[in-house]
Amino acid sequence: MAISLTKFFFAIPLIMLTMCSTIFRSGSSAGFDYPAVFNFGDSNSDTGELLAGKGFSLLLPYGETYFQSPSSGRFCNGRLIIDFLMEATGLPYLRAYLDSVGRPSFRKGCNYAAGGSTILPGTAASISPFSFGVQINQFIHFKSRVLQLRAQGDKKIGKFLPVEKYFKDGVYMFDIGQNDLTAAFYSKASMDQAIPTILTEFEIGLQKLYEQGARNFWIHNTGPLGCLAQNIATFGSDPSKLDEFGCLTSHNQAAKLFNSQLHDLSKKLQSQYVDATVTYVDIYTIKFNLIANYSQLGFEQPIMTCCGFGGPPLNYDSRLSCGLTKTLNGTVVTANGCDDSSKYVNWDGVHYTEAANEYVSSQILTGKYCDPPFSSVHQKMPFFFKYFKF
């Protein structure tokens, strides 16, 4: 289904469009142009893993904008960043690894991301038991079973599974770490000590994938955590802790520190994995630019949640999650969705709306927020222009 990204590109000059009509796969760089996608992460890219794994359900208005149902398992009113990237490359939406209903096809990849997941191993108190290490093990098991089944020559089941070369030629995407930083704030841990430990665990996982034959790595950094309504409501009662945009300075500084060290790790891997491509994607800058320039981009609310309770300025109450009905202070109340989610950046206090995700994905596809950037490219990117309507 084609989408119009016109409002996000009205200011991009023709030379930028020309630059973005190409894609790179040279040396240590890579463009989003692959036969299959294997994704690892948290709720920012979960397409049903946590719901399938833990057996609980989201409620409307989750999913109402695009899927018309919360059963897709996405923590959003519609599509996620990964959904728009899959659309842009002509690939089907990724099915969750644990989604066993409806003859799911994994021929073009598999999604191991689960809401609440962390890079560090989970604990008994973790929302998700599917930490990064578990997701890596799930992939290793998946690959082993796929190769076994394909070796048996069953053509009926083979059409639902990736061919062997996809494990080498496909891209391995990562969007995880946000929950590790959030946990560090709640535990009042030192970020200087916590972040290197988190990234050491992340590197161990990447090395395992490399040993399994992965050669294309696409790494998203973490967004501006200080601009999430949940964090502002919890830690931002003192106005002096907020910046000019109403975001928590401490949380955004922690995200920047994490991203700086993640970027360093990516550069290290670009040198270390000489036969692989490693791309670092600056999600933080894209999202912060959206929040700082929301009105110019067609949004009206950069921080206040679309689906929540309590009204301005945040419309967020930790006692009442999006879609739920409870009795608070003797009154039955519901956390309802807003009238027009396309005007909001934040969906439920933690996650972005479909409209915001569409904007973020459009900026990723320009290539200028990637390291290496798309400007050093020589391979054509024909799918890019079908999403422009002038």
Side-chain angles (χ1 to χ4, degrees), residues 19-41 44-45 81-82 84-91 94 108-113 119 132 135-136 139-140 142-143 162-177 199 202-222 259-286 360-361 363-384:
M19 182 194 79
C20 292
S21 69
T22 58
I23 198 167
F24 57 83
R25 191 182 302 216
S26 173
S28 61
S29 61
F32 204 83
D33 182 24
Y34 300 94
V37 177
F38 303 97
N39 185 68
F40 306 82
N44 289 317
S45 59
I81 293 170
I82 192 170
F84 286 111
L85 293 179
M86 298 300 285
E87 285 185 3
T89 53
L91 295 175
L94 285 182
K108 294 294 185 177
C110 185
N111 193 3
Y112 306 90
I119 293 175
F132 186 54
Q135 293 180 28
I136 298 298
F139 166 79
I140 293 173
F142 174 83
K143 179 185 176 185
V163 297
E164 183 173 0
K165 69 176 182 177
Y166 283 3
F167 290 110
K168 179 178 181 295
D169 296 339
V171 65
Y172 293 73
M173 292 184 63
F174 309 91
D175 191 333
I176 192 168
L199 291 179
F202 185 63
E203 184 177 5
I204 290 172
L206 296 185
Q207 179 62 30
K208 288 183 178 179
L209 290 175
Y210 182 81
E211 293 170 356
Q212 286 288 317
R215 290 298 181 268
N216 300 301
F217 300 86
W218 183 275
I219 303 171
H220 288 187
N221 69 11
T222 199
N259 291 340
S260 175
Q261 295 184 32
L262 178 63
H263 197 182
D264 289 342
L265 173 60
S266 298
K267 290 180 178 179
K268 171 187 172 183
L269 296 179
Q270 287 170 357
S271 298
Q272 181 176 320
Y273 297 162
V274 294
D275 61 339
T277 63
V278 179
T279 304
Y280 172 87
V281 186
D282 188 5
I283 298 296
Y284 182 99
T285 296
I286 297 174
V360 174
S361 63
Q363 296 304 290
I364 292 172
L365 290 172
T366 67
K368 62 181 179 179
Y369 296 98
C370 297
D371 180 17
F374 287 179
S375 56
S376 62
V377 302
H378 56 77
Q379 187 175 7
K380 294 296 181 183
M381 189 177 181
F383 60 80
F384 191 81

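All of these numbers come straight from a predicted model, not from anything done at the bench.
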Do Ile176 and Phe40 touch side chain to side chain, with heavy atoms closer than 4.5 Å?
no
In terms of side-chain heavy atoms, does Glu203 have a donor or acceptor partner in Gln207 at a distance below 3.5 Å?
no
Given the rule in the side-chain contact (heavy atoms from CB on, under 4.5 Å) test, do Lys108 and Val37 qualify, once you have shown the distances and angles that lead to the verdict?
CA-CA 6 Å; Lys108 294 294 185 177; Val37 177; over 6 Å; no
Gap separating the CG atom of Asn44 from the CG atom of Asn39, nearest 0.5 angstrom:
10.5 Å
Could you walk me through whether Ile364 and Val281 pass side-chain contact (heavy atoms from CB on, under 4.5 Å), step by step?
CA-CA 7 Å; Ile364 292 172; Val281 186; 4.1 Å; yes
Checking Ser45 against Asp175: is there a side-chain donor and acceptor pair closer than 3.5 Å?
no
Does Asn221 reach the side chain of His263, with side-chain heavy atoms less than 4.5 Å apart?
no
Just checking Phe132 against Phe202, ring centres under 6.0 Å apart?
yes
When you look at CD of Glu164, are more than 12 heavy atoms from neighbouring residues, nucleotides or ligands closer to it than 6.0 Å?
no
Which atoms form the tightest heavy-atom contact between Leu365 and Ala88, and what is the distance?
CD1-CB, 3.7 Å
Show the numbers, then the answer: is there a ring pair (Phe, Tyr, Trp, His ring centres under 6.0 Å) between Tyr166 and Tyr34?
CA-CA 9 Å; Tyr166 283 3; Tyr34 300 94; over 10 Å; no
For the residue pair Asp169 and Asn216, what are the closest heavy atoms and their distance?
O-ND2, 3.2 Å
Gap separating the CD1 atom of Ile82 from the OG atom of Ser361, nearest 0.5 angstrom:
11.5 Å
Just one of Leu94, Ile219, Leu85 clears the side chain to side chain contact (heavy atoms under 4.5 Å, CB included) bar with Met173, so which one?
Leu85
Run the ring-centre check on Phe139 versus Tyr172 and record whether the distance is less than 6.0 Å.
yes
Kindly indicate whether the side chain of Gln270, heavy atoms from C-beta on, has any atom under 4.5 Å from the side chain of Pro372.
yes
Interatomic spacing from NE2 in His220 to CG in Asn259 - rounded to 0.5 Å:
12.0 Å
Rounded to the nearest 0.5 angstrom, the OH-OG1 distance for Tyr284 and Thr222 is 10.0 Å
Do Phe167 and Phe38 have ring centroids that are under 6.0 Å from one another?
yes
Side chain to side chain contact (heavy atoms under 4.5 Å, CB included) with Phe217: of Thr279, Leu206, Val171, only one passes, and it is Leu206
If you measure from CD on Glu211 to CD1 on Ile140, what distance do you get to the nearest 0.5 Å?
8.5 Å
Quick check with a 6.0 Å cut-off and a 45 degree axis cone: is Arg215 positioned over the face of Tyr210's six-membered ring?
yes
Does any part of the side chain of Asp371, heavy atoms only, come nearer than 4.5 Å to the side chain of Lys267, both counted from C-beta?
yes
Start with the C-alpha distance between Phe174 and Gln135, add both sets of side-chain angles, then the distance that settles side-chain contact (heavy atoms from CB on, under 4.5 Å), and finish with yes or no.
CA-CA 11 Å; Phe174 309 91; Gln135 293 180 28; over 6 Å; no
For Tyr280 and Leu262, run side-chain contact (heavy atoms from CB on, under 4.5 Å): C-alpha distance rounded to whole Å, both residues' side-chain angles, the deciding distance at 0.1 Å, then the answer.
CA-CA 9 Å; Tyr280 172 87; Leu262 178 63; 4.0 Å; yes
